[in-house]
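Shown next, in structure tokens, is the structure this report addresses.
Computed from heavy atoms alone, side chains included, the values below leave out hydrogens, waters and symmetry copies. In what follows, chains carry the letters A, B, and so on, assigned in the order in which the sequence lines appear, proteins first and then strands, with residues in each chain numbered from 1. Note that the coordinates shown come from a computational prediction; the quantities given were computed from them, not determined experimentally.
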Amino acid sequence: MNNKKFYCLDMFPYPSGSGLHVGHVEGYTASDIFSRYKRMKGFNVIHPMGWDSFGLPAENYAIKTGVHPSKTVDTAINNFTSQMKKLGLEYDWEREVKTSSSEYYRWTQWLFLLLYKNGLAYKKKAKVNWCEKCSTVLANEQAETGFCERCGDQVVQKDLEQWFFKISDFIEDQEFEGKKIKGLLSGLDDIDWPQTTKIAQKNWIGKSVGAEVIFAISDDKDNYNLNVFTTRPDTLYGCTYMAINPEHEIVEKFKNSIKNLSEVSKYIEESKKKTDMEKIIDAKDKTGVELEGISAINPLNNKRIKIFVADYVLSGYGSGAIMAVPAHDERDYAFAKKYNLEIIEVISGGDISKEAYTGDGTLINSEIVNGLSVEEAKKKIIKYLEDKKIGQASVNYRLRDWLISRQRYWGAPIPIIYCDKCGELPVPEKDLPVLLPEDVDFLPTGESPLKYSKSFHEVNCPLCGKKARRENDTMDTFVCSSWYYFRYLDPKNEQIFAEKDKISQFMPVDLYIGGADHSVMHLLYARFIAKVLQRYDYTDINEPFKKLRHQGMILAEDGSKMSKSKGSVVNPNDVVSEYGADALRLYEMFMGPLEEVKPWNTKNILGVKRFLEKTEILSEKVVEDDSKKDSQDVILEINKTIKKVGEDIEELKFNTAISQLMIMLNLLGKKEKISFNTWKKFLLVLAPFAPFTSENLWLKLNEKKSIFEVSWPEYDSSLLAEEKVSLAVQFNGKTRGLIDVEPNTEESVIISMLKDDEKFKKYLSGAYKKVIYVKNRIINFIV
RNA sequence: GCCGUGGUGGCGGAACUGGUAGACGCGCUGGACUUAAAAUCCAGUGAUAGCAAUAUCGUGGGAGUUCGAUUCUCCCCCGCGGCACCA
């Protein structure tokens, strides 16, 4: 029976105060049509909805107005729910989840502990945006300008202890207790996702293959080995200086030998003040300061090279230091030109007097690899480094571990306790959930409000029983949304986040619909968490979302983004009250392909509105007596419609499905009477799109069951196969007319038909060189 | 800059694995109904020429492959989205 299940999932919304917008409606209508259709096809469909209700907006609103986030969120949820019901969105409401409820976040905390106990959650210092005046951490978007959003003071980068999830452990495939677990990279091959989204994930992970090379750093007294990562070990002979990022430890290590320490320190101080934004702005102009008094040694030729501190070298990537090869790297080239450093060409093929050459070529000026290709040289140099123990093959990733700490109130508390005696301890599972206190002060004091809630903060140590304190950071809301699709399957369970049986009954998600804005973060984190749960045997699921589709953004009428300030936001409520829910559903589906970006056009709603009205009018023509047979064209068209609409739904091509429904209705409109039988079929295929209209008209037929309890109609494929085809008649590739023939007619038959045809006779009077005949499509005479 | 994605009538968009370009809808034009208007119904609607049959051109621009290209290949232009010094 398992093969008949269907898990249809929507990305659950953040319940914002402004209610559903037309973009939500688009995605949700699509999944609603799909799941209604699958149900009619006999699938055991699960189609849940819930609320991603933790997060900054509710907290900021609380700071502004004093209304508690749980109130704001509940009001919004009520509003969302009633809007969804009005739109005829049919959800399994008994499965509803809310991430900010303690029954839910209890398991978010449990998940944290699972990672913690297995060494996948850890604490380390990390840079945060810090405002000294407010003494608080700021989110990136609050620090975008480099100045604090609240007080206008300058934002600095500060190191704070932060919690991380070790997502890096799951990039590649792994074997764990005999179980093979596919990683975040190779797992992408197994899933039916938009290519763009897969590529976005791949790029985000950013795998680079290369080598680590050990450079000796020396001040003539001490030696220190420093690893650098490079993707171009083949260019090692062209390395003419080394650059380290401003936070690199060797500055501290060699501070007594650095002759220009004050100049260096000044540079480091200034670069610390820079926010990410400023660094991007400054990116074109590369700056740096030489560390006078120390140098590095190229391990291949023992050449001494200068060392620079330069903020174009990132601290978080590789070892925070690079071997610079100006001849073959654009950034190093710019830096070398600016500071007049040596540029040695080691790969021929470019013109290094003008620019860095990053292409392929033959190695020159490179002793042991001269004459080799780039590929060969890479291999040989790595081999050489490994033999001499001065380096090795190595892989680096752009993806860092996931920073999940938030110095915020409205999130799931991190279940950790600090005891002066026993140290850092996980909250015992039996003590979960760690409840978020209600009695907090929202006035902006600067730090996490939890810190000032005594009832929350003070706790007894689970080991020694003495007074201890709780962690007062909360978790990133992406943690909450990384596992909700499991909870839907067993939403009330108090023993476990979801029973394994129930998970295997419905997972993986068969169709996941949501915005492309989640292409990277949410989808990557959710895949990671699914793999963690697989590793520790809570599920057998490696990839949670088998098929993913995005709904494209809906733009304002003028083609720009809908914006509140421009007043161009369309409120679905207004559309529903003016045109009805079915019209809105149909219109949004008829606009164009689901995944495409498309402009809103209120006038166009009239088209689908007329279609619905016409449907109601035509219902008057229905005759119960089937002895009055439908004409052949109606029988053919209704069969075509059942086929086409079904196939189009499967491919999420709702726009063309609706167009076929319109063609069908237009044909019925031309007839005196419509048979009961045909009309029922028509209503059935219309039902997923326009549930209200079709159900009404269905019940008018004195049917006792709801239309949604009836099976999707069958079509007669033999009938469709017999339909005459219109063949295009071409001469030298130019279409001169059409001819109706039986399907699969022989070439010779067609030619003799054409010779008798008044219209085509004249073209065939002379000789022709060749005939190209494609059955049921074209016949082309080459003269 | 890199990666991705798209460019088809006045507009939203259709077109199966290369085979009738413009389905369906909006809008527009003419007609019917009406004292009139709205609504509704009927007819027409890519451009140019023609009374018409029909002909020529036409899917961002340019080349190519093919009997045949919106579809495949190469080059270029423009829009949109993501990433942004990742060594």
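- In terms of modelled atom types and a separation under 3.5 Å, the side chain of A:S563 and the main chain of A:K566 share a donor-acceptor contact.
- Using the Watson-Crick or G-U wobble rule with both distances under 3.5 Å, B:C41 pairs with B:G31.
- Positionally, the nearest nucleotide of RNA chain B for A:I782 lies more toward the 5' end than for the other of A:Y397 and A:I782.
- Ring geometry for A:Y339 against A:F308 counts as tilted: the plane angle lies between 30° and 60°, on a 0 to 90° scale.
- For the atom pair A:L594 CG and A:R549 CZ, the distance stands at 9.5 Å (nearest 0.5 Å).
- Nucleic acid contact for A:R400: base, since at least one base atom lies under 4.0 Å from a heavy atom of the residue.
- A donor N or O paired with an acceptor N or O is found under 3.5 Å between the base of B:C85 and the side-chain atoms of A:K286.
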B/S/- contact track for nucleotides 3-14 of chain B, protein heavy atom under 4.0 Å: SSS------BSS
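- Residue A:V520 is classed as having no contact, given no heavy-atom separation below 4.0 Å to the nucleic acid.
- For the pair A:K286 and A:F335, the cation-pi test (distance below 6.0 Å, angle within 45°) is failed.
- Across all strands shown, B:C83 is found opposite B:G1 as a Watson-Crick or G-U wobble partner, with both distances under 3.5 Å.
- Phosphate contact (OP1/OP2 of B:A87, side-chain N/O of A:Y317, threshold under 4.0 Å): present.
- In this structure, a donor-acceptor pair under 3.5 Å is absent between the side chains of A:K770 and A:N780.
- Across all strands shown, B:G9 forms no Watson-Crick or G-U wobble pair with both distances under 3.5 Å.
- A distance of about 15 Å separates the P atoms of B:U73 and B:G19, rounded to the whole Å.
- The closest side-chain donor-acceptor pair between A:T641 and A:Y715, if any, does not fall under 3.5 angstrom.
- Heavy atoms of A:N396 sit nowhere under 4.0 angstrom from any nucleic acid atom.
- Taking the P atom of each, B:C76 and B:C11 are spaced 28 Å apart, rounded to whole Å.
- Residue A:R736 places at least one side-chain N or O closer than 4.0 Å to OP1 or OP2 of B:A55.
- Remark: B:A47 base-pairs with B:U56; criterion is Watson-Crick or G-U wobble with both hydrogen-bond distances under 3.5 Å.
- The cationic group of A:K124 lies under 6.0 Å from the six-membered ring centre of A:F164 and within 45° of the ring axis, placing it in a cation-pi geometry.
- Contact annotation for A:K561: backbone-only contact, meaning every heavy-atom pair under 4.0 Å involves sugar-phosphate atoms and none involves a base.
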Produce the list of close N/O pairs, under 3.5 Å, pairing protein atoms with atoms of nucleotides 17-21 of chain B; give distances to one decimal.
unit_1	atom_1	unit_2	atom_2	d
B:G19	N2	A:Q730	OE1	3.2

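- Nucleotides B:A32 and B:C78 place their C1' atoms 47 Å apart, quoted to the nearest Å.
- A parallel orientation is assigned to the rings of A:F781 and A:F731, their planes being inclined by less than 30° (bins at 30° and 60°).
- Checking A:Y237 against A:E345 by side-chain atom types alone, no donor-acceptor pair falls below 3.5 Å.
- Nucleotides B:C41 and B:G79 place their P atoms 42 Å apart, quoted to the nearest Å.
- Within the cation-pi definition used here (under 6.0 Å to the ring centroid, within 45° of the axis), A:R527 does not qualify as a partner of A:W402.
- Each of B:C83, B:C85, B:C67 was ranked by its minimum atom distance to the side chain of A:Y312; first place goes to B:C85.
- If you take atom P in B:U34 and the same atom in B:A49, they sit 38 Å apart, rounded to whole Å.
- Only the P atoms considered, B:G7 is 38 Å distant from B:C51, to the nearest whole Å.
- Checked by atom type, the side-chain pair A:E330/A:T358 shows no donor-acceptor distance below 3.5 Å.
- With C1' as the reference atom, B:G13 and B:G18 are 22 Å apart, rounded to whole Å.
- The base-pairing partner of B:U71, taking Watson-Crick or G-U wobble contacts with both distances under 3.5 Å, does not exist among the strands shown.
- Glycosidic torsion of B:G82 falls outside 90° of 0, placing the base in anti.
- For B:G82, the OP1/OP2 oxygens have no side-chain nitrogen or oxygen of A:S519 closer than 4.0 Å.
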Kindly give the atom pairs (protein nitrogen or oxygen, nucleotide nitrogen or oxygen) under 3.5 Å for nucleotides 37-40 of chain B.
unit_1	atom_1	unit_2	atom_2	d
B:U40	OP1	A:R610	NE	3.3

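- Rounded to the nearest Å, the gap between the P atom of B:G30 and that of B:U20 is 35 Å.
- Smallest separation of non-hydrogen atoms from A:R232 and A:M323: O-CE, 4.0 Å.
- Relative ring orientation between A:F654 and A:F689 is described as perpendicular, the plane-to-plane angle rising above 60° on a 0-90° scale split at 30° and 60°.
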